[in-house]
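Reviewing the structure listed below.
The first residue of the sequence shown is numbered 1, and numbering continues consecutively from there.
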Amino acid sequence: GDGMNANATCHSLESALVEIERLRYACAEAYQVMGVALLSDKRCWSDVDAERALDNIFAAANGEACPHPDLLPWPGHAP
């Protein structure tokens, strides 16, 4: 009865929390790798675009609201 539903709900919540943590870790990795890549190649991206993209990745890695929801379409600014 209700005990089985509670267990299923608890398992679903636990699975969702594990997935959130996995995605945050992936964002943290992407932030480090892309930070170096984007900021070192001035021919491809403007500093503003790179900074805004990194801001969004950083926020996602920390469970915060996206500071630049208008980032797309990419790139938004001419290099």
Side-chain angles (χ1 to χ4, degrees):
D2 289 338
M4 291 181 69
N5 287 339
N7 286 340
T9 299
C10 188
H11 184 268
S12 294
L13 180 57
E14 189 174 304
S15 295
L17 292 173
V18 168
E19 181 67 2
I20 288 168
E21 188 61 31
R22 185 188 70 77
L23 292 171
R24 285 184 178 175
Y25 186 81
C27 287
E29 289 179 320
Y31 178 82
Q32 291 182 26
V33 173
M34 297 309 296
V36 172
L38 285 173
L39 297 176
S40 67
D41 189 356
K42 302 292 184 190
R43 298 168 300 155
C44 295
W45 321 110
S46 73
D47 289 335
V48 172
D49 283 335
E51 187 175 324
R52 288 164 39 94
L54 290 172
D55 286 348
N56 284 353
I57 294 170
F58 184 81
N62 291 290
E64 299 170 359
C66 179
H68 307 290
D70 60 343
L71 186 63
L72 296 179
W74 180 266
H77 306 279

Margin query: What's the separation between atom CD1 in Ile57 and atom CD in Gln32, rounded to the nearest 0.5 Å?
Written below: 11.0 Å

Checklist line | Pairwise distance SG(Cys66) to CG(Leu71) - rounded to 0.5 angstrom | finding: 7.5 Å

Note to self: For the CD atom of Glu14 and the SG atom of Cys10, what is their distance to the nearest 0.5 Å?
What the structure shows: 6.0 Å

Notebook entry, point to check: Got a salt bridge between Arg24 and Glu21, using NZ or NE/NH1/NH2 to carboxylate O under 4.0 Å?
Noted result: no

Margin query: Can you confirm whether the side chains of His68 and Asn56 place a donor and an acceptor under 3.5 Å from each other?
Written below: no

Check: Can you find a heavy atom in the side chain of Ser15 that is under 4.5 Å from one in the side chain of Glu19?
Finding: no

Check: Looking at Pro67 and Ala59, what are the two nearest heavy atoms and their distance?
Finding: CD-CB, 3.6 Å

